Amino acid sequence: MKIETRAVHSGDRKKAGPQIPVTTPIHTAASYFYDTTEQLDKVFGFEMPGYAYQRYDNPTNSALEEVLTSLEGGHGSLATASGMAALEIALRIATQTRPHVILAADALYGATIKLLHQVLEPLGFAVRFADFCDLAAVERAIAETRPGCLLLETISNPLLRVAPVDTIAQLARAAGAALVVDNTFATPLLVRPLELGAHFSVHSLTKYLSGHGDVLGGSVTCDAEHYDPLRAMGRVAGPLLGPFEAYLAMRGIKTFPLRMQRQCANAVRVAQWLAAHPRVERVFFPAGPAHPDAEVIRRLLPAGQFGAMVSFEIRGASRLDVFSFMDRLKMIVRATSLGDVHSMLLYPWMSSHRDVPPEQKARVGIRENLVRLSVGIEAPEDILSDLDHAIR
Ligand SMILES: *Cc1c(COP(=O)(O)O)cnc(C)c1O
């Protein structure tokens, strides 16, 4: 079945007695018991399928995990309380039986850089960075650092570079390292990293998959080799997404392919319009033959779909000029996050990359006049007209 169909049907309609609920209910019970204690004993001993305690799993969360596994084409998933919790547990499982050396793409979500420096380095992890769009640099870095794990974002934040996940997966495998891919920006509509050889695909469910700006969540989908250890760590470390959030995420996922298609189409229009605007210095959008990753984009992304993020530099704008531009926006929401039904604009210098050291910002090319637009599902004319009067 196609992804649009799986998004609507997977995980739902589990028999509960003689009746079958059309959608998965919110199961809030903290624990479960059975007719006989022998049955509960078997559930605890993994000899019989069933639920025992909400930290291990619960039916609402399991249904969400089932649809995520189906969308990502993986072996199994763990739905977590946030995208960051998902990244942390994925990196720990990836390196559980491998060297505690993480080779990361140098363009990453700001909190991910902090996770590496503030959480994992103090625990003894060595963290190195490389330009993952430069294969020779990745090969060199692998030879030099002998990593246990590689980490990249399918479409990087905020400059929207597209790394060759398939080739990097081969390099990682040849070096005995695991590949963790943060697939939040691309979504499984555009790229399914496990099908390209990655071991883990991680999401902030908060973004496109839930899509309505009303839930925080994350997910890890992985291959058969890593699923049991992932589940086991989930049971004791306790990052599981609660049933209310799991319900909202699952409700959002049903329309995710439809929303994403519309958002991708809107983004193409917005990127073209911005590129022709005299007040816009540069547009970052992963399309067109002039893009530095054009060949990878042609190979990995579906024709005509380039994601729904558009970053751009306002010509000659200082920090205060960017603030006034943002304050003039009437419809586009000036808030952090992305992937929602409504268009949102964020200033990386102020928010996502605020604490990224200036040298690293300079190295990856994040300038003071750069803003990042998450294109929503609105009528494209309304998005353009809001940008037009604000940009002046
Ligand atoms: C938002 C985001 C995260 C973190 O997800 P949360 O749900 O906010 O914890 C990680 N990676 C990327 C690319 C993101 O956009």
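Predicted model, so just to flag it, every value in this text is computed and none were measured. Starting from 1, each residue takes its place in the sequence as its number. First listed ligand is number 1; within each ligand, the first listed atom is number 1.
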Candidate pair His203 and Tyr109, rule ring pair (Phe, Tyr, Trp, His ring centres under 6.0 Å), full reasoning
CA-CA 12 Å; His203 279 278; Tyr109 180 71; over 10 Å; no

Can you work out which protein residues put a heavy atom within less than 4.0 Å of ligand 1?
Ser82, Gly83, Met84, Tyr109, Asp182, Thr184, Phe185, Ser204, Thr206, Lys207, Leu216, Gly217, Leu338

Do the charged groups of Glu381 and Arg269 touch, with an N to O distance under 4.0 Å?
yes

Between Arg363 and Glu359, is the closest basic N to carboxylate O distance under 4.0 Å?
no

Under a 3.5 Å cutoff, is there a donor and acceptor pairing between the side chains of Asn157 and Arg372?
yes

Transitive ILVMFWY cluster of Tyr247 at side-chain heavy atoms under 4.5 Å: who else is in it?
Ile26, Val215, Phe244, Leu248

Quick one about Asp57 and Ser62 (side-chain donor to acceptor, distance below 3.5 Å, no hydrogens or angles considered), yes or no?
no

